[in-house]
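Residue numbers begin at 1 in each chain, while the letters A, B, ... track the order of the sequences.
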Protein chains: 2
Amino acid sequence: MDKTLILQDFLPYRLSVLSNRISRSIAQLYEKQFRLTMPEWRVMAILGEKSGLSAGQVADRTAMDKVAVSRAVASLMAAGRLDRKTASDDRRRSVLSLSKKGKDVYAKVVPLACDYEARLIERLSPLDRRNLDVVLSKLTEIQIKTAVPGETTR
Amino acid sequence: MDKTLILQDFLPYRLSVLSNRISRSIAQLYEKQFRLTMPEWRVMAILGEKSGLSAGQVADRTAMDKVAVSRAVASLMAAGRLDRKTASDDRRRSVLSLSKKGKDVYAKVVPLACDYEARLIERLSPLDRRNLDVVLSKLTEIQIKTAVPGETTR
DNA sequence: TTAATTTAGTTTCATATGTAACTTATTGCA
DNA sequence: TGCAATAAGTTACATATGAAACTAAATTAA
């Protein structure tokens with residue numbers, strides 16, 4: 001046998017395991033209690049940050065694909081958590097924002113999410129946190145440039 | 001509105017986006033060319049590292065759930081890429097290893113994966129690499145307790 | 001022993017997700 | 001203008017995934 005891959009040391013694998021575990025933990029904070037799926041929460045989070053985006057803009061900013069956004073928007077609309085208007089200058093485009101009900105949910109979920117993140121990083125030293133931030137940014141930057149042609153850059 | 005969450009700065013979100021992008025890029029290296037799904041590749045990778053594991057041991061080591069392992073093993077068997085025996089001391093347990101054909105595939109995929117990782121981290125300074133390694137290890141060790149309201153601990 | 005319990009692994013079923021095809025609106029350009 | 005090409009979003013279809021039920025084997029306890 002020529003070469004062996006040590007999965008436990010393989011960066012993409014380590015990242016994937018860590019990220020999936022964290023995502024699942026956070027999802028637990030809102031899925032049951034607020035009947036929110038992860039894509040729904042992402043859409044709400046981005047609209048809570050900046051209102052009036054179109055579905056496409058939401059997709060760009062959340063790294064979701066447009067079908068996922070479309071579905072999340074549909075279910076959020078059905079739950080009365082979003083307002084949707086048609087853009088006056090382009091009738092294909094929607095203009096999305098959190099409804100009153102949506103804002104109430106948002107205001108309840110944000111502290112849970114922030115609290116989780118705080119408890120995650122409080123065990124890292126300030127230097128570790130800084131290093132994490134720097135390295136994540138660099139990798140994200142690299143990753144974008146490394147994107148294979150034919151892959152959806154989203 | 002009291003509090004706003006900046007998604008772009010939120011650690012779990014950043015990790016998730018980065019990890020998904022990397023995973024998809026790597027999957028592209030083997031999915032089409034070798035007709036391998038990601039769970040199948042994980043099973044092969046762990047068996048290439050250590051032969052003779054049971055399905056349960058594969059699940060533990062790869063952070064996959066047992067259903068995913070069962071399905072990946074079934075399809076790898078169908079493709080003739082695994083050998084499966086029954087453990088002599090416990091006839092419920094299987095003893096899995098890469099077949100000749102499986103080893104051939106493994107030997108071809110490993111360099112592609114290693115090469116991808118190398119290209120990813122070659123753009124980080126040695127210090128950044130070290131920092132990444134340290135911080136990933138620390139984060140992976142941290143286990144956050146998420147008390148879900150209305151649920152009792154078993 | 002043998003009946004109850006636990007464990008390894010598989011199957012079933014309901015849901016989630018991605019790709020491609022589609023619909024409608026806009027734009028580019030002859 | 002008017003017609004082809006493009007863009008925003010949705011729908012359809014096929015596949016992936018996870019939870020729970022299930023099967024068979026091993027273990028425990030009576």
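- Applying the salt bridge (Lys or Arg N to Asp or Glu O under 4.0 Å) definition to pairs two or more places apart or across chains, those involving residues 6-18 of chain A are A:Arg14-B:Asp133.
- Distance alone, capped at 3.5 Å, places no donor-acceptor pair between the B:Glu117 side chain and the A:Phe10 backbone.
- In the hydrophobic clustering of ILVMFWY residues, with side-chain heavy atoms under 4.5 Å counting as a link, A:Leu139 and A:Ile121 come out together.
- For the segment residues 72-84 of chain B, no residue has any heavy atom less than 4.0 angstrom from an atom of DNA chain D.
- B:Asp115 is linked by a side-chain hydrogen bond (donor to acceptor under 3.5 Å, both in side chains) to B:Arg119, counting only residues two or more places apart in sequence or in another chain.
- A distance-only check finds no donor-acceptor pair linking the side chain of A:Gln57 to the backbone of A:Val95 [under 3.5 Å].
- Between the B:Arg21 side chain and the A:Thr140 main chain, no donor and acceptor come within less than 3.5 Å of each other.
- Applying the ring pair (Phe, Tyr, Trp, His ring centres under 6.0 Å) test to residues at least two apart or on different chains, the pairs with a partner in residues 14-36 of chain B are B:Tyr30-B:Trp41.
- Linking Ile, Leu, Val, Met, Phe, Trp and Tyr residues whenever their side-chain heavy atoms come within less than 4.5 Å places B:Ile26 and B:Leu136 in a single cluster.
- Across every non-hydrogen atom of A:Cys114 and B:Leu5, the tightest pair is SG-CD1, 3.5 Å.
- Near-neighbour residues of DNA chain C inside residues 50-66 of chain B, defined by a heavy atom below 4.0 Å, number-ordered: B:Ser54, B:Ala55, B:Gly56, B:Lys66.
- Proximity of residues 85-92 of chain B to DNA chain C (heavy atom under 4.0 angstrom from any strand atom) is restricted to B:Arg92.
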What does the list of N/O pairs under 3.5 Å between the protein and nucleotides 13-16 of chain C look like, with a distance for each?
none

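- Applying the side chain to side chain donor-acceptor pair (under 3.5 Å) test to every pair with at least one member in residues 73-98 of chain B, sequence neighbours left out, gives these pairs: B:Glu40-B:Ser75, B:Asp89-B:Arg93, B:Asp90-B:Arg92.
- For A:Lys50, there are no side-chain hydrogen bond (donor to acceptor under 3.5 Å, both in side chains) partners, not counting sequence neighbours.
- A:Ser19 meets the side-chain contact (heavy atoms from CB on, under 4.5 Å) test with A:Ser23, B:Leu15, B:Ser16, B:Ser19; sequence neighbours excluded.
- The outermost nucleotides of DNA chain D lying under 4.0 Å from heavy atoms of chain A, listed 5' to 3', are D:dA7 to D:dA12.
- B:Lys100 pairs by the side-chain hydrogen bond (donor to acceptor under 3.5 Å, both in side chains) definition with B:Asp104, not counting sequence neighbours.
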